[in-house]
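Quick caveat, the model's predicted, so the values are computed rather than measured. The residues of the chain are indexed from 1 along the displayed sequence.
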Amino acid sequence: MVQQSGLFDDLPYSLDEVICGVDEAGRGPLAGPVFAAAVILDRNRPIAGLRDSKKLNEARRDELAPLIREHAVAWAVAKASEEEIDRLNILQASLLAMKRAVYALQTVPTLALIDGNKCPVMRIQSIAIVEGDDKIESISAASILAKTARDAALVKLHRKYPQYGFDQHKGYGTALHLERLREHGASPVHRRSFAPVREVLERDL
């Protein structure tokens with residue numbers, strides 16, 4: 001893991017910048033909101049083991065998330081709803097969730113490092129970094145907070161809609177989820193613009 005202050009010599013930021021890392025979780029699932037997190041790490045309080053949340057198991061993510069919340073200068077988690085995903089499209093909804101997370105930070109950053117190849121339009125400078133969640137520690141931290149927050153939200157949705165097994169697949173299009181979707185039809189938290197959900201809705205007209 002490369003420290004965020006020195007990833008590339010040609011990046012237009014310096015140690016004087018107040019840098020937040022930003023990442024999302026939940027672009028692919030068929031149900032539930034898309035979440036995003038923004039994190040400003042404290043250089044004086046390093047956290048060992050930060051990396052892309054997808055490369056960590058659930059137990060390790062659950063260990064790191066409270067450490068990030070405790071040691072970071074500032075952090076925030078935000079989301080875009082299923083309705084917003086269907087209205088805007090998943091990319092734009094993801095960017096909206098990222099923007100909301102950055103604007104919710106109690107410490108105002110001067111630069112946002114965004115995982116991926118697109119940045120939300122914001123009042124502060126932002127730089128998109130492909131695979132940044134495994135290169136930049138603050139983006140890794142954001143990916144962990146976004147992922148654990150979204151997983152917790154899907155476990156909560158499971159209690160409301162237990163027939164779909166959200167606690168097991170977290171809304172992703174697994175064989176179990178597709179089977180339950182076809183059996184029970186779409187719930188209010190399914191993303192109607194996603195093809196498997198749309199097909200079930202058209203079937204049930």
Side-chain angles (χ1 to χ4, degrees), residues 1-9 11 13 17 19-43 45-80 85 90-102 104-105 109 111-120 122 126-155 166-174:
M1 175 68 67
V2 181
Q3 293 292 331
Q4 64 183 26
S5 56
L7 176 62
F8 303 119
D9 292 338
L11 282 181
Y13 65 83
E17 300 278 8
I19 298 169
C20 70
V22 186
D23 199 6
E24 53 72 29
R27 282 181 62 166
L30 307 179
V34 60
F35 276 69
V39 178
I40 301 173
L41 289 178
D42 187 341
R43 293 188 183 97
R45 304 184 76 189
I47 303 167
L50 294 178
R51 62 181 312 192
D52 175 7
S53 65
K54 295 184 292 296
K55 296 182 178 180
L56 300 169
N57 62 35
E58 183 176 0
R60 185 62 179 141
R61 291 195 298 266
D62 288 342
E63 289 174 358
L64 286 168
L67 293 176
I68 295 165
R69 292 191 291 266
E70 178 184 351
H71 292 284
V73 171
W75 63 273
V77 174
K79 64 183 177 180
I85 292 168
I90 185 58
L91 171 60
Q92 293 304 317
S94 298
L95 294 174
L96 176 60
M98 288 180 174
K99 180 177 180 177
R100 286 171 173 166
V102 172
L105 288 167
L111 173 65
L113 302 181
I114 311 291
D115 181 62
N117 59 6
K118 296 189 185 313
C119 294
M122 298 186 290
S126 58
I127 302 172
I129 301 176
V130 174
E131 297 182 354
D133 49 5
D134 214 27
K135 298 175 181 175
I136 307 287
E137 289 189 334
S138 59
I139 300 179
S140 300
S143 78
I144 292 165
L145 291 192
K147 173 65 174 168
T148 53
R150 188 179 189 281
D151 283 357
L154 268 290
V155 170
F166 289 142
D167 60 330
Q168 298 178 57
H169 51 66
K170 307 301 190 293
Y172 284 89
T174 64

Nearest heavy-atom pair of Ser126 and Cys119: which atoms, and what distance? OG-CB, 3.3 Å
So CD1 of Ile114 and SG of Cys20: to nearest 0.5 Å the spacing works out to 6.5 Å
What closest approach, in Å, do Ile19 and Ser138 show between heavy atoms, and which atom pair accounts for it? CG2-OG, 4.4 Å
For the residue pair Arg27 and Ile90, establish whether any side-chain heavy-atom pair is separated by less than 4.5 Å. yes
Using a strict 4.0 Å threshold on nitrogen-to-oxygen distance, state whether Asp133 and Lys55 make a salt bridge. no
Does the Arg61 side chain pair with the main chain of Thr148, one donor and one acceptor, at a distance under 3.5 Å? no
side-chain contact (heavy atoms from CB on, under 4.5 Å) against Gln168, all qualifying residues, sequence neighbours excluded: Leu176
Tell me the closest heavy-atom pair linking Gly32 and Ile85, and the distance in Å. O-CD1, 3.9 Å
Member of Val22, Ile127, Asp23 meeting the side chain to side chain contact (heavy atoms under 4.5 Å, CB included) criterion with Leu113: Ile127
If every non-hydrogen atom of Ala101 is compared with every non-hydrogen atom of Ala36, which pair is closest and at what distance? CB-O, 3.9 Å
Please report the interatomic distance CD1(Ile68) to CG(Leu50), rounded to the nearest 0.5 Å. 5.5 Å
The reported gap from CZ in Arg51 to CG in Leu64 (rounded to nearest 0.5 angstrom) is 11.0 Å
I need the Leu30 CG to Phe166 CZ distance, nearest 0.5 Å. 9.0 Å
Rounded to the nearest 0.5 Å, how far apart are CG of Leu96 and CD of Glu24? 12.5 Å
How far apart are the closest heavy atoms of Ala76 and Ala104, and which atoms are they? CB-CB, 3.7 Å
Which residues satisfy the side-chain contact (heavy atoms from CB on, under 4.5 Å) test with Lys170, sequence neighbours excluded? Arg150, Asp151, Leu154, Val155, Tyr172
Scanning both residues in full, the closest heavy-atom pair of Ala37 with Val77 reads CB-CG2, 4.1 Å
More than 12 non-hydrogen atoms from neighbouring residues, nucleotides or ligands closer than 6.0 Å to NZ on Lys79, yes or no? no
Would you compute the distance between atom CD1 of Ile129 and atom NZ of Lys135 and round it to the nearest 0.5 angstrom? 7.5 Å
Tell me which pairs pass salt bridge (charged side-chain N to carboxylate O under 4.0 Å, His left out) where either residue lies in residues 62-74, with sequence neighbours left out. Arg60-Glu63
